[in-house]
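To find a chain, count down the sequence lines: A is the first, B the second, and so on, and within it residues start at 1.
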Amino acid sequence: MSIPSKYDAKKVEQKWYHYWIKHQYFQSKPDNRTPYTIVIPPPNVTGVLHMGHMLNNTIQDVLIRRARLKGKNACWVPGTDHASIATEAKVVAKLKEKGIEKNDLTRDEFLAHAWEWTHEYGGVILNQLKKLGCSCDWDRTKFTLDDDMSESVISVFVDLYNKGLIYRGYRMVNWDPKAQTTLSDEEVIYEEQQGHLYYVEYNIEGSSDRLTIATTRPETILGDSAICINPNDERFSHLKGKKAIVPLCNRVIPIIEDEYVDMEFGTGCLKVTPAHDENDKILGDKHKLEVIDIFNPDATLNSFGLHYEGQDRFEVRKQIATELKDQGHLVKIENHTHKVGTSERTKVVIEPRLSDQWFLKMEDLAKPALEAVLEDESIRLFPKKFNNTYRHWMENIRDWNISRQLFWGQQIPAYYYGDSKDDVVVAKTKEDALKLAKEKSKNPKLTAEDLKQDPDVLDTWFSSWLWPISVFDGIRNPNNDEINYYYPTNDLVTGPDILFFWVARMIVAGFEFKGQKPFENVYLTGLVRDKQRRKMSKSLGNSPDALKLIEDFSADGVRVGLLLSSAAGNDLLFDEALCQQGKAFGNKIWNAFRLIQGWKVEPIDQPEYAQKALDWYDAKFQQILTEIEDQFNKYRLSDALMAIYKLVWDDFCSWLLEMIKPEYGQPIDETSHKKVVHLLEQNLKILHPFMPFLTEEIWHYLKNRTPESALVVASWPQTKDYNAQLLHNFEITKEVISGIRNLRKQKQIPFKTSVEMQVLNKAKYTTQYDGLVAKLGNISQIKYVDASVDQAFSFRVGASDYFIVADIDLDVEAEISKIEEELRYTEGFLKSVQNKLSNQRFVTNAPEQVVANEKKKEADAIAKIETLKSSLSGLK
RNA sequence: GGGUCAUUAACUCAGUUGGUUCAGAGUGUUACCUUGACAGGGUAGAAGUCACUGGUUCGAAUCCAGUAUGACCCACCA
């Protein structure tokens, strides 16, 4: 079988992905193995893969592939989210291009367009995940608007309504004037903006006095229903009980008193606009003020806006300022920075607005979810610092506005049978609703036509909070085999930006609807940023094209690149150079494999050095294996990968292969070859979760494999005890070899020139590796001596001296000064150790172990000084 | 305004209960090497007042207090 000298990632990756799918390795069905389950954070159905997804899903794939290798029944459930606002906005925009307005369509017509769009673009992102190598069970792919998923959502709504946890309320909500829907508090992003503080004068009724208020939103004065002063503010005591006149519209409004007003801010006078500010609403309720809504749903002014009717709020703000100025009501304008709420999806400024919405009471629901994370820690967040954030949110949780004024989503199963808002019933189907309506209205003559379903749909998160349950049909069929087997799932991998949107709510839903946590561990990744630390975003154009990256660096390379520097919770500064490093690593492995496979194998005796080297690597592998087990348990994937990287590159390639490599043109013995192939296979196994394609390719080149023995379903290496002393001795051997190389370089002794070495070494604990030292140092002979060797170059490792006898003039002066320098350093070191030891408080207070160590350091230093002195006198 | 976390080499980060060479890794950089797996390579080296100030301790990158800078989260100051 001929092996290509260049690794063709594109071809290989396609080949093996097909192979894995064909042999159904990613499929999972309940059986008697332990399950290991991950549900994917469903991406937007019409989205495309970005760097965040790449990172996220690479991590999930690493975890799931490792679990599969460890013999678990690994199940990774993929799917997409209908993302109501985002998708609806895209559909609306697309229709607009065709000259179609959303308002001209019926609900069903609009939904038909939306589904068409979904079918056209939906799933693109899932195909991109396949390119990345993700080993999802594609037969389980779910969409949050699938019929069964929707049924689950509706049934949960009805259930919560019947429990009295869902209510309809007339409240101040966050209104997105562009999408023309409400948003939950979590969907509002507060951004600091440079604005102005307008000082506006109001006339006082029946007086020539005037008062000045400060406002950031002068356009809302048309909706003013009071002026508020602090009762303790003596500056305004003469105004108590009087009335003010709103400029422009000349409406007469009361001057009320409330301690809410901050006397320090602005003028100490506050205008009250209950329809357009949450605090004003509270004040308004308290003082029974009129509520004057001056906006249309798209944030243009309505008839209360007088001559500004139909114009946009920000346009009106400018014009009204001018008009106020012209009429002598504007005192001054100051610059003022403040936080403005914007829509997470459409980016427009949120308008606080009073409207009827559906809410879910969260307080009681949150309790078990809070305990699970913070008290019994049955759910663990990685990194742990998010516990605090989680606690704060959960303890201050507010009711969740779950209704959206959109078409794309599950329509709220509430049916009105009369003119009043209270003439409402909630049921899974219209038939059930009719039954209930007849009872409630005591009107048996009601027909289905009399029922009008609430036009709103549910917040998308109200479907995705059920995800770990509903993908296994655990809502509709609470005790089916799948949910019983797979739930609770094991790990959840997602970004901290949706900790509240999704993670916290899933935990709530898990306890409420399943009586159990939805997952054990939550791995929160960082944000992917560019080299300048800017967040990657479409608008900045700094986000690389995911598929292009895979094209350029191979899927394996990109995976390694992403993971190399992505400790959980830390932002990842993405740099293509990392992918390049990943790709180079792949190349290194490929070439190591080619070397091994290229050797001629013959049934000759195994040289001793080869056996020693292979035994050493065996132990080294075990050491690293143990280490990465620990790192995986702590979700330190980056560290685990780095440990493997160094194991393969440094220990396997640079040391082991160099040590067992036969002379050029010579064969290798069968025993060694068999063993090194085995060790390579072990490496491939632990590499496979990170670099699935390359490893599978080499795995099949090494031996003929049946589909059952593919690497993807191989077994993870067993951890065994290893000889730590052996590893320690070998490290010393490495130092000796480095010493030789170093000395050759300094003295310009070419590697091809074989030299003799003499060793002054009382312990002789590394003599077993003399063969290796001879091979890698090109040493003709190693002799052990009892005294320093004159006329030789020397170096020192530990307490031993190594002398290289070469036929080259020795610069005695240089040797002497080198030794003298080391002598000075060692004497200084000895002095500091002895100082410490003569400190009575140290000796009495420090633990025995530490004192003993210091004493050993002292003894070593004394011994070293002795040998240094003797070589010095030898040279002189 | 409240809170959380961070600050270690040129860059990105480890450093687990204070005590073994604990001042580390990867990248970059420097010098040299390189026809026989791999220049996407090899060998060797340089590089840090562990943000600052004080404290606790025999001993502090590590614990405590404060300061500075940055990031993030939360909150209704017009």
Side-chain angles (χ1 to χ4, degrees), chain A residues 3 5-6 172 185 190 197-198 213-217 220 228 260-262 264-273 277-283 336 338-339 341 352 383 385-393 396 496-497 499-500 526-527 531 533 557 564-567 569-573 575 577-578 580-581 583-599 630 634 636 638-639 641-643 645-646 649 653-654 657-658 661 663-665 737-738 741-746 748 750-751 829 836 839-847 849-854 856-857:
Chain A
I3 299 162
S5 65
K6 289 272 180 221
M172 187 66 80
D185 296 330
Y190 287 89
L197 198 54
Y198 300 80
I213 57 96
T215 178
T216 53
R217 302 195 60 188
T220 62
C228 190
Y260 163 76
V261 177
D262 180 351
E264 306 297 317
F265 189 88
T267 61
C269 267
L270 174 71
K271 73 185 202 62
V272 185
T273 321
D277 184 281
E278 183 150 14
N279 294 304
D280 289 11
K281 173 69 170 47
I282 295 166
L283 272 178
H336 179 68
H338 58 147
K339 295 276 183 100
K385 66 177 176 187
F386 286 108
N387 279 13
N388 288 322
T389 317
Y390 182 85
R391 176 201 306 277
H392 188 264
W393 192 74
N396 297 287
D497 48 335
L499 182 60
F500 305 138
L527 291 172
K531 266 191 283 186
R533 281 197 182 274
L564 271 177
S565 70
S566 65
N570 275 7
D571 286 356
L572 169 75
L573 269 59
D575 183 347
L578 289 168
Q580 182 55 44
Q581 197 185 343
K583 190 183 174 188
F585 184 42
N587 182 59
K588 185 74 183 177
I589 300 164
W590 180 251
N591 281 302
F593 151 69
R594 282 176 56 220
L595 173 68
I596 294 170
Q597 208 63 354
W599 285 331
D630 184 50
K634 293 173 181 157
R636 302 181 66 138
S638 191
D639 291 343
L641 174 58
M642 186 46 77
Y645 181 91
K646 286 194 274 192
W649 200 305
C653 296
S654 299
L657 295 184
E658 291 303 326
K661 188 193 255 181
E663 295 287 318
Y664 182 61
I737 292 166
S738 288
R741 285 171 174 165
N742 213 346
L743 203 128
R744 278 181 179 276
K745 189 180 165 189
Q746 277 170 23
Q748 301 195 311
F751 187 78
F829 177 76
K836 208 173 196 179
N839 181 341
Q840 202 50 46
R841 286 183 297 181
F842 171 73
V843 180
T844 47
N845 290 326
Q849 180 71 27
V850 176
V851 178
N853 265 317
E854 290 300 314
K856 184 172 182 299
K857 277 195 215 165

Between CG of A:Leu657 and P of B:C38 the distance, given in whole Å, is 13 Å
Winner on side-chain proximity to A:Leu573, out of B:C13, B:A37, B:A25, is B:C13
Checking B:A78, B:G40, B:A37 against the side chain of A:Leu270 (C-beta onward), the nearest is B:A78
Tell me what A:Val261 touches on the nucleic acid: a base, only sugar-phosphate, or nothing, going by heavy atoms under 4.0 Å. base
Whole-Å distance, A:Met642 CE to B:G24 C1', equals 13 Å
When rounded to whole Å, the CH2 to P distance for the pair A:Trp599 and B:A37 reads 9 Å
Scanning all shown strands, the Watson-Crick or wobble mate of B:A60 with both distances under 3.5 Å is none
Taking a pair to mean Watson-Crick or G-U wobble geometry with both distances below 3.5 Å, B:A37 pairs with none
Please tabulate the protein-to-nucleotide N/O contacts below 3.5 Å involving nucleotides 43-45 of chain B, giving atom names and distances.
unit_1 : atom_1 : unit_2   : atom_2 : d
B:A44  : OP1    : A:Ser738 : OG     : 2.8
B:A44  : O3'    : A:Asn742 : ND2    : 3.4

Practice problem: Can you label the angle between the A:Phe585 ring and the A:Tyr645 ring as parallel, tilted or perpendicular, going by 30° and 60°? | Solution: tilted
Checking all strands, does A:Tyr198 fall into the base, sugar-phosphate, or nothing category for heavy-atom contacts under 4.0 angstrom?
nothing
What nitrogen or oxygen pairs link the protein and nucleotides 3-8 of chain B at under 3.5 Å?
unit_1 : atom_1 : unit_2   : atom_2 : d
B:U4   : O3'    : A:Asn388 : ND2    : 3.4

Scanning all shown strands, the Watson-Crick or wobble mate of B:C22 with both distances under 3.5 Å is none
Discussion item. Taking the side chain as everything from C-beta on, heavy atoms only, tell me whether A:Glu278 gets closer than 4.5 Å to A:Pro352.
Written reply: no
Reckon A:Arg636 touches a base, only the sugar-phosphate, or nothing at all at heavy-atom distances under 4.0 Å?
sugar-phosphate
B:A78 -> Watson-Crick or G-U wobble partner, both distances under 3.5 Å, gives none
By the Watson-Crick or G-U definition, both distances under 3.5 Å, B:G48 is matched with none
Out of B:C38, B:A75, B:C73, minimum distance to the side chain of A:Asn587 belongs to B:C38
* Asked: Between A:Lys661 and A:Glu658, is there a side-chain N and carboxylate O pair less than 4.0 Å apart?
  -> yes
**Asked** Would you say a side-chain N or O of A:Lys588 is under 4.0 Å from OP1 or OP2 of B:G42?
**Response** yes
A:Ile589 CD1 to B:C38 C1', in whole Å, measures 12 Å
ask   = So does A:Lys661 get a side-chain nitrogen or oxygen closer than 4.0 Å to the phosphate oxygens (OP1/OP2) of B:A37?
value = yes
**Asked** Is there a donor and acceptor pair closer than 3.5 Å between the side chain of A:Glu264 and the base of B:A78?
**Response** no
| query | Within the distance-only criterion (no hydrogens, no angle test), does the side chain of A:Asn396 pair as donor or acceptor with the backbone N or O of A:His392 below 3.5 angstrom? | reply | yes
Heavy atoms of A:Cys228 and A:Val261 approach each other most closely as SG-CG2, 3.5 Å
- Can you check whether A:Trp649 has a side-chain N or O nearer than 4.0 Å to OP1 or OP2 of B:U27? no
To the nearest angstrom, the CG-P distance between A:Leu595 and B:A37 comes to 6 Å
query: Given the P atoms of B:U20 and B:A60, what is the spacing between them in whole Å?
result: 13 Å
Rounded to whole Å, CZ of A:Phe386 lies from C1' of B:A71 at a distance of 11 Å
Nucleotide N/O of nucleotides 56-65 of chain B paired with protein N/O under 3.5 Å:
unit_1 : atom_1 : unit_2   : atom_2 : d
B:C58  : O2'    : A:Asn839 : ND2    : 3.3

Separation of B:U12 atom P from A:Gln580 atom CD, nearest Å, is 20 Å
Answer for the Watson-Crick or wobble partner of B:A68, both distances under 3.5 Å, is B:U7
If the cut-off is 4.0 Å, is A:Tyr390 near the phosphate of B:C74, judged by side-chain N/O to OP1 or OP2?
no
Span that lies between the C1' atom of B:U67 and that of B:A31, in whole angstrom: 44 Å
- What integer number of Å spans the C1' atoms of B:A25 and B:A14? 7 Å
Checking N1-N3 plus N6-O4 or O6-N4 for Watson-Crick, or N1-O2 and O6-N3 for wobble, each under 3.5 Å, the partner of B:C32 is B:G42
Atom OH of A:Tyr645 and atom P of B:C13 are separated, to the nearest Å, by 18 Å
Applying the 3.5 Å cut-off to both distances, the Watson-Crick or G-U partner of B:A14 turns out to be none
